[in-house]
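As structure tokens, the structure follows; a few thoughts come after it.
Quick note: numbers below take in every heavy atom, side chains included, and nothing from hydrogens, waters or symmetry partners. Remember, it's a predicted structure, so these values are computed and weren't measured experimentally. Sequence lines set the chain letters: A, B, ... in the order given, protein chains first and strands last, and positions in each chain run from 1.
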Number of protein chains: 2
Amino acid sequence: MSRSGAELALLLLGGYRSLVDGAIAELSARGHHGVRPVHDFAMRAIAAGADNASELGRRLSVSKQAAAKTIAVLFERGYVERGPDPDDGRRKRITVTALGWEVMREGEAIFDELRQAWQHRLGAREFAEFEARLAALVGDATVRPESAGWVAHELDEG
Amino acid sequence: MSRSGAELALLLLGGYRSLVDGAIAELSARGHHGVRPVHDFAMRAIAAGADNASELGRRLSVSKQAAAKTIAVLFERGYVERGPDPDDGRRKRITVTALGWEVMREGEAIFDELRQAWQHRLGAREFAEFEARLAALVGDATVRPESAGWVAHELDEG
DNA sequence: AGACATGGACAACCATGTTGTCTATCGTCG
DNA sequence: CGACGATAGACAACATGGTTGTCCATGTCT
């Protein structure tokens, strides 16, 4: 086989970008503009209990200041709301709004549709083998929330 | 299969990161610290004829100013040299140094070793199928030099 | 010769991260 | 109860790697 290791890496990156760019384009077409993977990561972490800046920073492995900036963006877009924490006067509790949940739901559905399309292109059995081998190679625990920061860049436009 | 489309995307990203982080770590172990994918992209483009800032910017789909900054980094590290262009007084011609070529050669070898390791983990036939299917899904033309900018971020440390 | 295009340098700005500092509040311990 | 250390969040300064805009020197074309 003449393919080099570097080409393999680029194929994997290309696959990721293809899915993410497709999802972002489709989200945009459905009225949600400028959504980036980090927004989804952050909203899910907030919904899962990281409902203040410091905790969100820890979950996403970024500084609390960076998390606060992300929250500010989500707030501007109407994806989250801020309120006082009844139990702790220092904290400001973050909650995901209905709009935020909608974006997460739509994004999930779009990714599933893209996966379906891939499945059709390859055939069910071949695709299942492909996915199983990919999982075997990468391992399910490899991509952790730390990647949220990384995937934040340059995914807005094709 | 219960895997979601988003998980598929994360697996692809995880695979890419796994290879790239491995390559960067191994390059570091061999004495080349802080190499990032964009350095390799840029050096290859320079070697392939994009030997001035404006042309490099065009090849990498970034502004000539951004290309000039990248060249400045490569120059600081001793990977490229700058000289006047005998045919055009405006241009400053960039050439890859012996050190730059060494980094490219080592990087290539390391990626090939990582691919070999994957091949062993899966078995030759299964890996060939996997790679062929990945290529079929992604398409060989998907990842173009435009991605150089994107892969520039946050790959220094695991 | 003169008009226009191009290469490169410089400055200002943007986005997203970092560290450091400060204040308010919490929790614990004497 | 009160004091002290730890934590939450705001604010400022900075790093990195992009962008645009402007400028001058040089090349190219008519």
>> Check A/Glu55 with A/Arg58, please: is the shortest side-chain N to carboxylate O separation under 4.0 Å?
In response: yes
>> Quick check: on DNA chain C, is the nucleotide nearest A/Asp87 upstream (toward 5') of the one nearest B/Asp88, or the reverse? Name the residue that is more 5'.
In response: B/Asp88
> Between A/Arg91 and D/dA10, does any side-chain N or O lie under 4.0 Å from OP1 or OP2?
Replying inline: no
> Under 4.0 Å between a side-chain N or O of A/Ser54 and OP1 or OP2 of D/dA6?
Replying inline: no
Answer yes or no: is there a donor N or O on one side and an acceptor on the other, between the side chain of [X] and the main chain of [Y], under 3.5 Å?
{"X": "B/His39", "Y": "B/Arg36", "value": "yes"}
{"X": "B/Glu7", "Y": "B/Ser4", "value": "yes"}
{"X": "A/Arg121", "Y": "B/Ala136", "value": "yes"}

>> Once you measure the plane-to-plane angle for A/Phe130 and B/Phe130, does it fall in the parallel (<30°), tilted (30-60°) or perpendicular (>60°) bin?
In response: parallel
Value in whole Å for how far the [atom2] atom of [N] lies from [atom1] of [X]:
{"X": "A/Arg93", "N": "C/dC26", "atom1": "CZ", "atom2": "C1'", "value": "16 Å"}
{"X": "B/Asp85", "N": "C/dT6", "atom1": "CG", "atom2": "P", "value": "16 Å"}
{"X": "A/Ile71", "N": "C/dG17", "atom1": "CD1", "atom2": "P", "value": "12 Å"}
{"X": "B/Ile94", "N": "C/dA9", "atom1": "CD1", "atom2": "C1'", "value": "13 Å"}
{"X": "A/Asp51", "N": "D/dA8", "atom1": "CG", "atom2": "P", "value": "11 Å"}
{"X": "A/Leu56", "N": "D/dT7", "atom1": "CG", "atom2": "P", "value": "18 Å"}
{"X": "B/Lys92", "N": "D/dT26", "atom1": "NZ", "atom2": "P", "value": "11 Å"}
{"X": "A/Leu74", "N": "C/dT16", "atom1": "CG", "atom2": "C1'", "value": "14 Å"}

Protein-nucleotides 19-24 of chain C N/O pairs closer than 3.5 Å?
{"from": "C/dG20", "atom 1": "O6", "to": "A/Gln65", "atom 2": "NE2", "distance (Å)": "2.5"}

> Is any N or O donor-acceptor pair between the side chain of B/Lys69 and the base of D/dG18 shorter than 3.5 Å?
Replying inline: yes
For [X], answer base if it contacts any base atom (sugar-phosphate contacts may also be present), sugar-phosphate if it contacts only those atoms, and nothing otherwise; contact means non-hydrogen atoms under 4.0 Å.
{"X": "B/Ala53", "answer": "sugar-phosphate"}
{"X": "A/Arg82", "answer": "nothing"}
{"X": "B/Arg58", "answer": "sugar-phosphate"}

> Are B/Val73 and B/Val80 connected in a single hydrophobic cluster, I mean Ile/Leu/Val/Met/Phe/Trp/Tyr linked by side-chain heavy atoms less than 4.5 Å apart?
Replying inline: no
> In Å and rounded to the nearest 0.5 Å, what is the CD to CZ distance from A/Glu81 to A/Arg93?
Replying inline: 12.5 Å
> Of the nucleotides D/dG9, C/dG8, C/dG17, which has the atom closest to the A/Thr70 side chain?
Replying inline: C/dG17
